[in-house]
Amino acid sequence: MPFRKTPLRGARPTERVTHQRVGTLRHLGCCPAFSSAEEPGYIGALGARVICDNIPGLVSRQRQLCQRYPDIMRSVGEGAREWIRECQHQFRHHRWNCTTLDRDHTVFGRVMLRSSREAAFVYAISSAGVVHAITRACSQGELSVCSCDPYTRGRHHDQRGDFDWGGCSDNIHYGVRFAKAFVDAKEKRLKDARALMNLHNNRCGRTAVRRFLKLECKCHGVSGSCTLRTCWRALSDFRRTGDYLRRRYDGAVQVTATQDGANFTAARQGYRRATRTDLVYFDNSPDYCVLDKAAGSLGTAGRVCSKTSKGTDGCEIMCCGRGYDTTRVTRVTQCECKFHWCCAVRCKECRNTVDVHTCKAPKKAEWLDQT
């Protein structure tokens with residue numbers, strides 16, 4: 001493992017730590033230097049120490065890693081953008097839709113202060129996003145400290161028979177190790193129940209990425225026969241990890257911490273015990289129907305809903321029984337496109353009039369306040 005646990009010279013003294021790691025990860029994605037497409041040396045020219053010192057929320061161990069591995073931090077930033085997009089995709093039809101708050105350093109606002117299912121999912125998907133981004137960067141040659149998986153060498157076998165390891169297997173080992181060192185650093189400084197919950201859900205996110213590693217092979221032989229095979233391990237699309245963690249969210253287990261604070265127990269007698277692959281949470285979620293600053297709920301007033309759906313995107317559920325407004329809008333799209341030699345595609349403009357349904361606001365006026 002190429003990163004050491006010894007502190008850097010000049011590291012900051014111990015800071016006050018709170019459970020707001022996801023804000024830190026998103027700031028890495030928004031930092032111009034870490035999201036730049038230039039070579040890693042570009043970051044060095046700006047001064048990694050100056051950049052890392054200005055990212056809010058980093059504890060001393062994270063700041064050390066940030067300063068020592070600025071090129072990896074760029075990958076972490078790319079991973080932050082990816083997992084936020086995935087979170088918003090997974091919850092696009094739900095009352096809580098993973099909305100980010102641009103002016104709030106915690107990214108999702110006060111919703112993350114509650115030890116809820118939503119917090120459990122966000123910690124898991126953000127941890128998974130970091131693993132996925134670093135692993136991909138290693139095998140694509142974007143990082144100087146890692147490359148292809150060094151453990152996939154020699155011969156191996158699967159249900160189809162023997163094969164030779166070849167190509168460039170994605171280095172999931174390095175991705176998991178660095179993500180654990182960086183992401184878990186803040187929680188390991190705390191010894192409370194919420195830190196235990198966060199660490200558990202972080203691990204669920206990391207193992208979810210590993211779960212969907214796939215074996216890709218190339219056949220060698222006469223007329224394309226598979227007499228010999230060369231294979232390598234590759235990451236699956238991050239959507240598979242997102243879909244899996246979304247199912248884990250649906251089946252998340254409510255728990256309480258044991259008296260010694262080292263483990264979990266079922267929240268109520270008769271509840272099933274949580275396994276290592278379950279997301280865990282302590283607190284029930286708000287209904288997210290109306291604006292509630294204390295709970296971090298933005299409400300559903302103005303959200304688009306489906307008049308015909310019986311699911312969570314349906315107006316009855318999305319609007320919490322308040323009803324909906326209907327607006328008739330005309331949409332202009334390109335249609336009847338034809339290819340003309342050479343080399344142009346010409347389309348007509350088609351107009352389509354549709355009804356758009358949006359949730360009514362509560363009768364009280366406080367929903368107009370902005371969070």
Side-chain angles (χ1 to χ4, degrees), residues 1-5 25 28-29 34-44 48 61-62 64-83 85-86 123-158 162-185 199 202-218 229-242 244-245 276-277:
M1 187 171 177
F3 41 91
R4 303 187 302 275
K5 294 186 178 180
L25 294 182
L28 287 169
F34 286 137
S35 58
S36 171
E38 301 293 334
E39 294 298 319
Y42 170 76
I43 299 175
R61 176 59 180 156
Q62 291 173 324
Q64 292 167 17
L65 292 171
C66 177
Q67 293 168 350
R68 188 178 290 128
Y69 304 106
D71 53 342
I72 298 182
M73 291 302 105
R74 184 176 61 177
S75 298
V76 173
E78 293 170 353
R81 292 191 294 275
E82 184 172 32
W83 70 255
R85 285 194 301 268
E86 185 61 29
Y123 273 79
I125 195 75
S126 60
S127 181
V130 173
V131 172
H132 196 272
I134 295 176
T135 300
R136 182 176 53 203
C138 284
S139 57
Q140 290 180 350
E142 297 175 1
L143 305 177
S144 59
V145 293
C146 62
S147 57
C148 305
D149 185 354
Y151 301 106
T152 50
R153 295 290 183 268
R155 291 186 65 80
H156 200 66
H157 66 275
D158 62 3
D162 293 338
F163 63 84
D164 292 319
W165 285 116
C168 180
S169 290
D170 283 324
N171 195 346
I172 188 71
H173 307 287
Y174 189 90
V176 167
R177 286 202 306 269
F178 193 94
K180 182 177 181 180
F182 184 81
V183 175
D184 286 1
L199 287 170
N202 288 351
R203 184 174 63 245
C204 288
R206 292 192 297 267
T207 56
V209 180
R210 191 189 293 272
R211 171 184 288 268
F212 294 108
L213 277 177
K214 56 187 177 181
L215 189 69
E216 295 184 344
C217 297
K218 182 178 181 180
R229 286 187 301 151
T230 300
C231 302
W232 57 93
R233 288 198 180 104
L235 290 170
S236 295
D237 187 84
F238 194 59
R239 177 57 43 81
R240 293 196 66 186
T241 300
Y244 171 79
L245 291 176
R276 290 176 64 87
T277 60

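Scope of the values below: all heavy atoms of this structure, side chains included, with no hydrogens, waters or symmetry mates.
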What distance separates [X] [atom1] from [Y] [atom2], expressed to the nearest 0.5 Å?
| X | Y | atom1 | atom2 | result |
| --- | --- | --- | --- | --- |
| Y174 | D149 | OH | CG | 13.5 Å |
| I125 | T241 | CD1 | OG1 | 7.0 Å |
| R229 | E216 | CZ | CD | 13.0 Å |

TODO: Could you walk me through whether K214 and D237 pass side chain to side chain contact (heavy atoms under 4.5 Å, CB included), step by step?
DONE: CA-CA 10 Å; K214 56 187 177 181; D237 187 84; over 6 Å; no
TODO: Kindly confirm or rule out an SG-SG distance below 2.5 Å between C148 and C168.
DONE: yes
Open item on the list: Between R206 and D184 (salt bridge meaning N to carboxylate O under 4.0 Å), is one present in this structure?
Closed with: yes
Open item on the list: I'd like to know if the side chain of T135 reaches the main chain of V131, judged simply by a donor and an acceptor atom lying under 3.5 Å from each other, with no hydrogens or angles considered.
Closed with: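 Looks like yes, one N/O pair under 3.5 Å.
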Restricting to non-hydrogen atoms, name the atom on [X] and the atom on [Y] that form the minimum distance, rounded to 0.1 Å.
| X | Y | answer |
| --- | --- | --- |
| A181 | A185 | O-CB, 3.4 Å |
| C204 | L245 | O-CD2, 4.3 Å |
| A208 | Y244 | CB-CD2, 3.7 Å |
| A128 | G205 | CB-O, 3.3 Å |
| L215 | C231 | CD1-CB, 3.8 Å |
| C138 | L143 | SG-CD1, 4.0 Å |

Task: Residue that, paired with H132, satisfies ring pair (Phe, Tyr, Trp, His ring centres under 6.0 Å) out of F212, W83, F238 - done: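 Going through F212, W83, F238 one by one, the ring pair (Phe, Tyr, Trp, His ring centres under 6.0 Å) with H132 is satisfied by F238 alone.
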Task: Partner residues of R239 under the salt bridge (charged side-chain N to carboxylate O under 4.0 Å, His left out) criterion, sequence neighbours left out - done: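 Testing R239 for salt bridge (charged side-chain N to carboxylate O under 4.0 Å, His left out), a comparison that skips the adjacent residues, returns E86.
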Task: Contacts of D164 that satisfy salt bridge (charged side-chain N to carboxylate O under 4.0 Å, His left out) - sequence neighbours left out - done: R155
Taking the side chain as everything from C-beta on, heavy atoms only, tell me whether [X] gets closer than 4.5 Å to [Y].
| X | Y | result |
| --- | --- | --- |
| P150 | N171 | yes |
| T277 | R211 | yes |
| L213 | S236 | no |
| I134 | Y69 | no |
| R203 | R276 | yes |
| V76 | M73 | yes |
| R177 | I172 | no |

Open item on the list: So that I know where these two stand, are H156 and F163 an aromatic pair - ring centroids less than 6.0 Å apart?
Closed with: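 Between H156 and F163, the centre distance is under 6.0 Å.
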Task: For D170, side chain to side chain donor-acceptor pair (under 3.5 Å) partners two or more places apart - done: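 For D170 the side chain to side chain donor-acceptor pair (under 3.5 Å) partners, ignoring immediate neighbours, are S139.
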Open item on the list: Would you call the rings of F182 and F178 parallel, tilted or perpendicular, taking 30° and 60° as the class edges?
Closed with: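 Rings of F182 and F178: parallel, under 30°.
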TODO: Could you please spell out the steps behind the side chain to side chain contact (heavy atoms under 4.5 Å, CB included) verdict for E82 and R136?
DONE: CA-CA 12 Å; E82 184 172 32; R136 182 176 53 203; 3.4 Å; yes
TODO: Go through the steps for R85 and R81 under the test side chain to side chain contact (heavy atoms under 4.5 Å, CB included), then give the verdict.
DONE: CA-CA 6 Å; R85 285 194 301 268; R81 292 191 294 275; 3.8 Å; yes
